> 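Here you go, one structure.
We number each residue from 1, following the sequence as shown. Since this is a predicted model, take the numbers as computed values, not measurements.
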Amino acid sequence: MPAIPVWVPDPEDAARSRLAEFAALIEAAHGIRFHDYDDLWAWTVEHLEEFWAAAWDFFDMRSEPAPTTVLASAEMPGATWFPGVHLNYVSHVFRERDAEAVAVVEVTEPGASRSLTWGALEDQVAAVAAALTERGIERGDRVVAYLPNCAAAIVAFLATASIGAVWSCCGPDYAAEAAANRLAQLEPRLLLVADGYHFGGRTFDRRDEGARLLELLPTVEHVVHVAHLGLPPIAADRHVATWDEVLATAHDALVPAPVPFDHPLWVLYSSGTTGIPKGLVHGHGAVTLDYQKHVGLQLDAGAADRMLWYTTTNWMMWNFAVNMLLIGGSMVAYDGSPAHPTPDRLWEVAVEHGATILGASPGYLQACERHGTQVPSGHRLRMIGATGSPVPPAAFHWIRAQLGDRMPLVSMSGGTDIVSALATGVPTKPIWPGELSARPLGVAVDTWNEAGEPVRGTVGELVVTKPMPTMPVRLWNDPDGSRYRAAYFDVYPGVWRHGDWATITERGSVVIHGRSDATLNRNGVRLGSADIYEVVEKVPEVAEALVVGIDLPDGGYWMALFVALEGDRVLDDDLRALICHELRVHASRRHVPDAILQVAAIPHTRTGKKLEVPVKRILQGADPEQVVSRDAIDDPALLAQFEKIDVPKTSA
């Protein structure tokens, strides 16, 4: 592993950070001294209740009544946080804001933009909340949306949460059936539906899909049309109100309704690569507390920051970005491609709209490097973020070359399951290429071997050994909790198994190697797929790669590397030899595959993750329809190419 950091915090900046302020308060209150961040982290997981109580006070959480107990039960699953407490996420969003300051900037790919001040945002949320109430929407009812990343989605979410109703959203790029697979589970009463979205130089009219979605949601009583593209409303057998009509609803000042700490705030969904997507329920209090801690301490963000994180409403990073509002920061909601007409586009949006934090996928950063993107001058950026898959070391070096040694590239890893991070950055600790600097405060992350023993410096299962607030309150339609237990607690009873292979280094940093259920286990040695991609995808002819390993009937092992090539390039023996050479030199001989096969393109989930497990199961003979929900895939037709692959019956 690399021993030289690519970024080192400035001592004065670190001393001024909110994290340093928080650590000093803990030291003074408990008469202790932390030598470094890892010391602080260890204390927070050893003293969970004291830590979360301190975080509650530090961020001035407000509830009715004030908490008397932090953690009534530490059982997993089933931990009980802050019993008896009532609060509302939205109350914390709007407290003590400057009504004239900008809260949300909406930008579309063609370049149109508009801003909402805090005062205008609160007024719109109050109007929509009144409109929901007029339509009989009550606490616990579900409000669902078919909306792109736009201001209306943010307003509608906050209005829904303010009255104690439950929010859930799919982007209009989803087919109606795919969206219904998620949203219909909730038996929603109200649907917000957009006319379309922007992407890749085109506008997509999705009114027909919106009408089909409505047919698939028989419990919906009320429909609201959002004219994102300026098109007329959908035809429907139910009354359709326009967004402008809803915003014009007479209303009083916004007064969010207090709800219990674990009252559902939103329902997110698993990827759907193993069946019907699981509905993941997260509570008001957990999200409110955890995100002030994460954004405020781990990212050292505050009211002066503006986040542009490239995402759609389908992905938890939309929820992550919206949480900038919790700490008084602002956000840019961008609807479009980050790379049209070139990969420069997202950087241009960041500069034009004054983003201080820019987030994107590792794949996007690699595309920028291949394209020769030059980050425009005049930016206000102070941090680059990346998540969605392991960030290769080359991306860290590219950011440093582009933006200098004072610009951190903060890699984060977590998931929709916990709508938070299990490994992240921190303003007081260096960043090493290919590594995530730290485990978050109050999150008892470890890596275990098969026997349930902690391991360091080697690959293990990523686990969480103590409760964290943003573990799901429950899964939707799982009354006895059996699906919840099977999903996360089946391997290590009472311990959350996240499903990733990771290494915790001697520095306390974390390296993510990929999904553990897609493990490459060659002759008893575990290999991370991310380590292979980092090498292979640097080969100029290779656009993208996917690797799987399969146990053979005779006890042997077959590791196949599938490559999608640039342009009309064809895989030949010379290119195979080059790929093998690069793997031997820059990884190890163990990383050299048994076969290299060309495919048209690599399939992904809609959030950009490669379909390693489904492809492996298809190669093992499983029916594609049984191993992956087609609506969870960016291009379902790509699965057919793997059905045609002949897997050897015996080892060579």
> Kindly give the heavy-atom pair with the smallest separation between P148 and H228, and that separation in Å.
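Between these two residues, the closest heavy atoms are CG-CD2, 3.7 Å.
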> Would you say the side chain of N319 lies within less than 4.5 Å of the side chain of L268, judging by non-hydrogen atoms?
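Yes, their side chains come closer than 4.5 Å.
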> For a quick test of reading the model, state the closest non-hydrogen atom pair linking R382 to I357 and the distance between them.
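Closest approach of R382 to I357: NH2-CD1, 3.9 Å.
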> Might you point out which heavy atoms bring P493 and V491 nearest each other, and give the distance in Å?
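Taking P493 first and V491 second, the nearest heavy atoms are CD-O, 3.5 Å.
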> Between S162 and V90 (side chain of the first, backbone of the second, donor and acceptor by atom type, cut-off under 3.5 Å), is there such a pair?
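Flag not set: sc S162 to bb V90 has no pair under 3.5 Å.
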> Whether R18 and D300 form a salt bridge (side-chain N of Lys/Arg under 4.0 Å from carboxylate O of Asp/Glu) is what I want to check.
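Salt bridge: no.
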> I'd like to know whether M324 forms a side-chain contact (heavy atoms from CB on, under 4.5 Å) with I327, so could you lay out the CA-CA distance, the side-chain angles of the two residues, the decisive distance to 0.1 Å, and finally the verdict.
CA-CA 6 Å; M324 278 296 290; I327 50 100; 4.1 Å; yes
> Rounded to the nearest 0.5 Å, how far apart are CG of D480 and CZ of R485?
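Answer for the CG-CZ pair, D480 versus R485, is 6.0 Å.
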> Taking it one step at a time, do T428 and S17 satisfy side-chain contact (heavy atoms from CB on, under 4.5 Å)?
CA-CA 8 Å; T428 60; S17 68; 3.9 Å; yes
> Is the closest side-chain heavy-atom distance between V322 and M331 below 4.5 Å?
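They are in contact (side-chain heavy atoms under 4.5 Å apart), so the answer is yes.
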> Indicate whether any N or O donor in one side chain lies under 3.5 Å from an N or O acceptor in the other, for R306 and T356.
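On atom types as modelled, these side chains do not qualify, holding no pair under 3.5 Å.
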> Is the backbone N or O of G140 less than 3.5 Å from a side-chain atom of R142, with the two atoms forming a donor-acceptor pair by type?
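Answer holds: yes.
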> How far apart are the C-alpha atoms of D38 and K429, what are their side-chain angles, what is the distance that settles it, and do they pass the salt bridge (charged side-chain N to carboxylate O under 4.0 Å, His left out) test?
CA-CA 9 Å; D38 293 326; K429 191 172 180 179; 2.9 Å; yes
> Has H284 got a side-chain atom pairing as donor or acceptor with L87's backbone, closer than 3.5 angstrom?
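A pair under 3.5 Å: no.
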> Taking all heavy atoms of L289 and all of F82, pick out the closest pair and write down the distance.
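Shortest heavy-atom separation between L289 and F82 comes out as CD2-CE1, 3.7 Å.
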> Are V193 and V226 packed together at the side-chain level, in the sense that at least one heavy-atom pair is separated by less than 4.5 angstrom?
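In short, these two side chains do not touch, never coming nearer than 4.5 Å.
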> Side chains of H294 and T424 only: does a donor on one sit below 3.5 Å from an acceptor on the other?
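Note: H294 and T424 side chains meet the donor-acceptor criterion.
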> Any chance the side chains of N149 and W318 put a donor and an acceptor closer than 3.5 Å?
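Distance-only check passes for N149 and W318.
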> Is it true that D244 and T242 share a donor-acceptor pair across their side chains at a distance under 3.5 Å?
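Judged by distance alone, the side chains do not pair up.
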> Using a strict 4.0 Å threshold on nitrogen-to-oxygen distance, state whether R62 and D60 make a salt bridge.
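Yes, charged N to carboxylate O under 4.0 Å.
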> Please confirm whether the backbone N or O of C150 pairs with a side-chain atom of E106, one donor and one acceptor, at under 3.5 Å?
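Answer holds: no.
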> What distance separates D141 CG from E221 CD, expressed to the nearest 0.5 Å?
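D141 atom CG to E221 atom CD measures 8.0 Å (nearest 0.5 Å).
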> Could you check whether any side-chain heavy atom of L213 comes within less than 4.5 Å of a side-chain heavy atom of L191, counting everything from C-beta outward?
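L213 vs L191: side chains touch.
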> Do the non-hydrogen side-chain atoms of L158 and L325 ever get within less than 4.5 Å of each other?
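Heavy-atom side-chain distance check passes, below 4.5 Å.
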> Report the C-alpha separation of E134 and T249 in whole Å, then their side-chain angles, then the decisive distance to 0.1 Å, and conclude whether the side-chain contact (heavy atoms from CB on, under 4.5 Å) test is met.
CA-CA 9 Å; E134 276 188 6; T249 304; 3.6 Å; yes
> Taking the side chain from Y269 and the backbone from R182, do they hold a donor-acceptor pair closer than 3.5 Å?
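Side chain of Y269 to backbone of R182: a pair is present.
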> What distance separates W56 CH2 from K293 NZ, expressed to the nearest 0.5 Å?
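If I round to the nearest 0.5 Å, the distance is 15.5 Å.
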> Looking only at the side chains, is there a donor atom on one of S420 and D290 sitting less than 3.5 Å from an acceptor on the other?
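There is such a pair between these side chains.
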> Using the rule given for side-chain contact (heavy atoms from CB on, under 4.5 Å), can you reason through W41 versus E46, listing the C-alpha separation, both sets of side-chain angles and the distance that settles it, and then say yes or no?
CA-CA 9 Å; W41 174 84; E46 183 66 26; over 6 Å; no
> So do L192 and W243 actually touch side chain to side chain, heavy atoms under 4.5 Å?
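Yes, their side chains come closer than 4.5 Å.
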> How close do L326 and Y291 get, counting heavy atoms only, and between which atoms?
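Scanning both residues completely, I find the closest heavy atoms to be CD1-CB, 3.9 Å.
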> Any donor-acceptor pair under 3.5 Å linking the side-chain atoms of Y89 with those of N323?
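Yes, Y89 and N323 have a side-chain donor paired with an acceptor closer than 3.5 Å.
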> Treating T117 as the side-chain partner and A99 as the backbone partner, does any N or O pair qualify as donor plus acceptor under 3.5 Å?
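Yes, the answer is positive, given that a donor and an acceptor are paired below the 3.5 Å cut-off.
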> Should the pair F157 and W266 be assigned to parallel (<30°), tilted (30 to 60°) or perpendicular (>60°) ring geometry?
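Rings of F157 and W266: tilted, 30 to 60°.
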> Under 3.5 Å, side chain of D98 to main-chain N/O of E100, donor-acceptor pair present?
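Here the side-chain-to-backbone pair exists.
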> For residues I512 and L436, determine if any side-chain heavy atom of one lies less than 4.5 Å from a side-chain heavy atom of the other.
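Sidechains of L436 and I512: in contact.
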> Donor-acceptor pair, distance only, cut-off 3.5 Å: does the side chain of Q185 make one with the backbone of W476?
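No.
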> Looking at OG of S115 and CG of L121, how far apart are the two atoms once the value is rounded to the nearest 0.5 Å?
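Going from OG on S115 over to CG on L121, the span is 11.5 Å.
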> Roughly how far apart are L346 CG and S361 OG, rounded to 0.5 Å?
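Between atom CG of L346 and atom OG of S361 there are 9.5 Å.
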> Testing the basics here: between V259 and G164, what is the closest heavy-atom pair and its distance to 0.1 Å?
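For V259 and G164, the tightest heavy-atom pair comes out as CG1-CA, 4.1 Å.
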> Quick check for you: to the nearest 0.5 Å, what is the distance between D57 atom CG and L25 atom CG?
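Rounded to the nearest 0.5 Å, the CG-CG separation comes to 10.0 Å.
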> Side chains of D417 and Y488: is there a donor and an acceptor less than 3.5 Å apart?
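A donor-acceptor contact under 3.5 Å links the two side chains.
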> With no hydrogens and no angle check, is any side-chain donor or acceptor of R206 less than 3.5 Å from a backbone partner on Y174?
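Side chain of R206 to backbone of Y174: a pair is present.
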> Would you kindly say whether H263 and N88 are connected by a side-chain donor-acceptor distance under 3.5 Å?
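Short answer, no.
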> Between S437 and Y37, is there a side-chain heavy-atom distance shorter than 4.5 Å?
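Sidechains of S437 and Y37: no contact.
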> So among V105, V107, L358, which one has a side chain to side chain contact (heavy atoms under 4.5 Å, CB included) with L308?
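Only one option passes, and that is L358.
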> Looking at G302, is its backbone amide N or carbonyl O close enough to the side chain of D305 to form a donor-acceptor pair, meaning the two atoms are under 3.5 Å apart?
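The answer is yes, because a donor-acceptor pair under 3.5 Å joins these two groups.
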